[in-house]
Structure formats: C-alpha cells, structure tokens
Amino acid sequence: LEVFVSSQIPFGAGLGSSAAYSVCLATGLLIVSGGINIPEDTNGVEETRRGGEIPSVLMDWINEKGISVDHSVFPSFSDSDLHLINKWGFEAEKLVHGTPSGIDNTISVFGGAIKFKSGIFTPMEKMPKLSILLVYTKVPRSTKKIVAGVRQNHTKYPQVTSPILDSIEAIVLKSEFTLEEIWDLTNQDDNEELQAKRKQLYTSLQELFAINHHLLNALGVGHSSLDKVHHIACENGLTAKLTGAGGGGCAVVLLTPDISHEHISEVKVKMESVGFDCWETSVGSRGVSLHCCI
C-alpha cells in the first residue's frame, strides 16, 4: 500500500494539520479495508460539493503512476461512517499529541463549527461560511509553554484572570448569536434592508474580534507579530485576531462580504511585505470529503 500526502497547511502553526492528516489517512484506510463504503447514493448530490480541486502535486503523482481517476461528485459520508472516521482519526491524534482534546479531528471530520466546553462537543446548527485571510507569522511557539503560563497566572492572580476569561466566554456567546443571525439572512431575498442588516452584523463580529484579540493579549498569549497582523488589518478597514495557542503562529482576518478582490490583494501584499504568508480561505465549510476515487 502506497500513501501519497500533500498539504497546503503549514505544520506546527496551530492549524490542526496533524488532525487533517489523521482524518484523511483514517478515511482512506477505512475505505481500502472495507470499514466504510464509498458513498453511492446520488440523492441530493446536487446539494453537495467537492471540497475543492485535486492539488496539482497529487495529480502529477496520479498521472506518473498511470492511475485512472473517477471525478464524480460524491455525496457526504453517512453519520455512522463519519463517527467511525472520527474515532480512528482521534486514535491517530493520540500518537501525535498524547492527550489531544479531540477538537481538531472532530472539526476535520464534521466541518462547520463546534462548541467545546467541559469536554463536551456541541455542533453549531447555524454556521454561515465566513471568508477569512489566514496569516502565518512564521513565529514558532510552544503550546505547552503558553498554556502553562496562562495556568500559572490564573493560579497567582485569579481575581484578575477570571474576569478576562468570563469576558472571553461572553464574546463567544455573543458571536454565536451574531453568526446565527447571519445564517438566518442567507436564504432571504437580497434587498437594501437585508444588506444593511448584514453589514451591521459583520461590524459586530469585527468589534468582537478586536476585543477578543486584546483580551487574549491580557492573558499573556499574544505576540508582537500577531499585533502587527492586527494593526495592518485595522489600517485597511478590517480586523484580525490571533488563533490557536497564540504566542506566534497564525492570525485570522475577517473578510466582509462587500470587500473587493483588489482590496484583499492589497492587504495580502502588505502582510507579505513584512514576511508573513497569507491564504484566502473560509471557515464553516464541509468536513472530510471524497474528491475522487481511484
């Protein structure tokens, strides 16, 4: 058995690259071993989407091997198959991280967005697809050290850190409500009133992004490179916040629906001019998908 892996996700940047790899590997092995079936029911296929084109580096390998490929649009895996994929993806994550939370593999499998509290996962039923600019600062960081620092401060100054954590939780709850409102507008007929409402909601998200970024700085998980991303975004009418463990790694810039491609390109150029890497992508998308069948 020969496995070919290609990735557009930088490793060690707090983006869940190991979980994406683990889930894809688990899915492929389960299909090959007969543990799950290739989705064949074409009912509602029009409502599903392939998760993107096959990367050129993978197509080069396929062509080199002389392998024929079925480019059909496959429907989603069944719920039972997704849970089985998630189970084995989590086992693979244990080999990488020892005691992972299970968040990364779960979101890689099911897509969309999930809430995680006290070890319990709850899917968000109304999660709109949000366009973002993912910015990689290339600054290495240790999640273990960052988490230990937060824990130390919380033990030493609980009356200081507890209100910060409470405020972050309030931001999460308010953001969830705002996202649900955006979702509710998705299938409505577009008009000036709806556009104004959507703009107001995105403005709220931007404000929450900014507050969250500064609160995370107050907890001690920020970094000057992440602040640089935030400042560049603000200078260009956008907003950004750190993501992952902080201390370097990545930040996300929220892209509003009315932003032009030219504006996005300008922001990317400014980010890249200070040494950062950028990718225009989205959150709230589909999870593990079968792109093609060999």
Side-chain angles (χ1 to χ4, degrees), residues 7-27 30 51 76-77 79 81-130 132 134-136 141-151 154 164-166 168-176 179-180 205 208-209 212-213 215-216 219 221-222 226 241-252 254 279 281-289:
S7 176
Q8 296 172 304
I9 304 174
F11 303 126
L15 298 178
S17 59
S18 66
Y21 167 74
S22 298
V23 166
C24 288
L25 186 62
T27 304
L30 283 168
S76 301
F77 292 101
D79 285 344
D81 284 349
L82 288 174
H83 280 91
L84 186 59
I85 293 169
N86 198 36
K87 172 188 173 184
W88 286 108
F90 183 54
E91 291 300 320
E93 275 281 84
K94 288 181 181 179
L95 297 177
V96 178
H97 296 295
T99 56
S101 66
I103 295 175
D104 288 349
N105 55 276
T106 300
I107 201 67
S108 294
V109 170
F110 295 99
I114 57 173
K115 294 177 289 184
F116 177 74
K117 185 174 183 179
S118 303
I120 299 174
F121 298 100
T122 307
M124 283 184 60
E125 299 297 333
K126 296 181 177 182
M127 176 62 196
K129 185 177 178 180
L130 297 178
I132 62 167
L134 182 64
V135 184
Y136 180 34
R141 82 286 181 275
S142 168
T143 300
K144 185 176 181 180
K145 289 182 179 179
I146 293 169
V147 172
V150 173
R151 183 178 294 112
H154 187 54
I164 297 174
L165 294 170
D166 289 341
I168 291 174
E169 182 177 16
I171 288 174
V172 171
L173 295 175
K174 179 60 178 177
S175 297
E176 180 184 4
L179 290 168
E180 289 177 349
L205 276 184
L208 292 169
F209 259 54
N212 183 247
H213 179 79
L215 287 174
L216 290 169
L219 278 180
V221 300
L226 296 168
K241 66 175 292 295
L242 67 87
T243 187
C250 290
V252 290
L254 179 64
W279 299 271
T281 184
S282 62
V283 294
S285 301
R286 188 178 174 187
V288 63
S289 306

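One-based numbering along the sequence shown.
Checked against salt bridge (Lys or Arg N to Asp or Glu O under 4.0 Å), K87 has no partners two or more places apart in sequence or in another chain. Checked against ring-ring contact (aromatic ring centres under 6.0 Å, His included), F110 has the following partners two or more places apart in sequence or in another chain: H83. When the side chain to side chain contact (heavy atoms under 4.5 Å, CB included) test is applied to T27, the partners found at least two apart in sequence or on another chain are V23, I31, I36, F77, I85, V288. Under the salt bridge (Lys or Arg N to Asp or Glu O under 4.0 Å) criterion, E176 pairs with K115, not counting sequence neighbours. Every side chain to side chain contact (heavy atoms under 4.5 Å, CB included) that V147 has, sequence neighbours left out, goes to T143, R151. Considering only residues two or more places apart in sequence or on other chains, K145 meets the side-chain hydrogen bond (donor to acceptor under 3.5 Å, both in side chains) condition with none of them. Remark: I171 pairs with S175, L208, I211, N212, L215 by the side chain to side chain contact (heavy atoms under 4.5 Å, CB included) rule, at least two apart or across chains. Evaluation of the side chain to side chain contact (heavy atoms under 4.5 Å, CB included) rule for L165 yields H154, L219 as partners, not counting sequence neighbours. Listed by chain and residue number, D184 satisfy the salt bridge (Lys or Arg N to Asp or Glu O under 4.0 Å) test with K126 (two or more places apart in sequence, or in another chain). Applying the side-chain hydrogen bond (donor to acceptor under 3.5 Å, both in side chains) test to E169 and every residue at least two apart in sequence or in another chain returns K117. Judged as a side-chain hydrogen bond (donor to acceptor under 3.5 Å, both in side chains), and not counting sequence neighbours, the contacts of S282 are S285.
A113 and I107 get closest at one heavy-atom pair: CA-CD1, 3.7 Å. A pairwise comparison of heavy atoms in H213 and L226 identifies CE1-O, 3.9 Å as the closest pair. Taking all atoms of both residues into account, the shortest heavy-atom contact from G248 to R141 is C-CD, 4.2 Å. Between W88 and A26, the shortest heavy-atom distance links the atoms CB-CB, 4.0 Å. What you find for F116 and S101 is that their closest heavy atoms are CZ-CB, 4.3 Å.
Applying the salt bridge (Lys or Arg N to Asp or Glu O under 4.0 Å) rule to pairs touching residues 7-19 yields nothing, sequence neighbours excluded.
Using modelled atom types, no side-chain atom of T243 and backbone atom of K241 make a donor-acceptor pair closer than 3.5 Å.
Put simply, OG1 on T281 and CG on L130 are 11.0 Å apart, with the number rounded to the nearest 0.5 Å.
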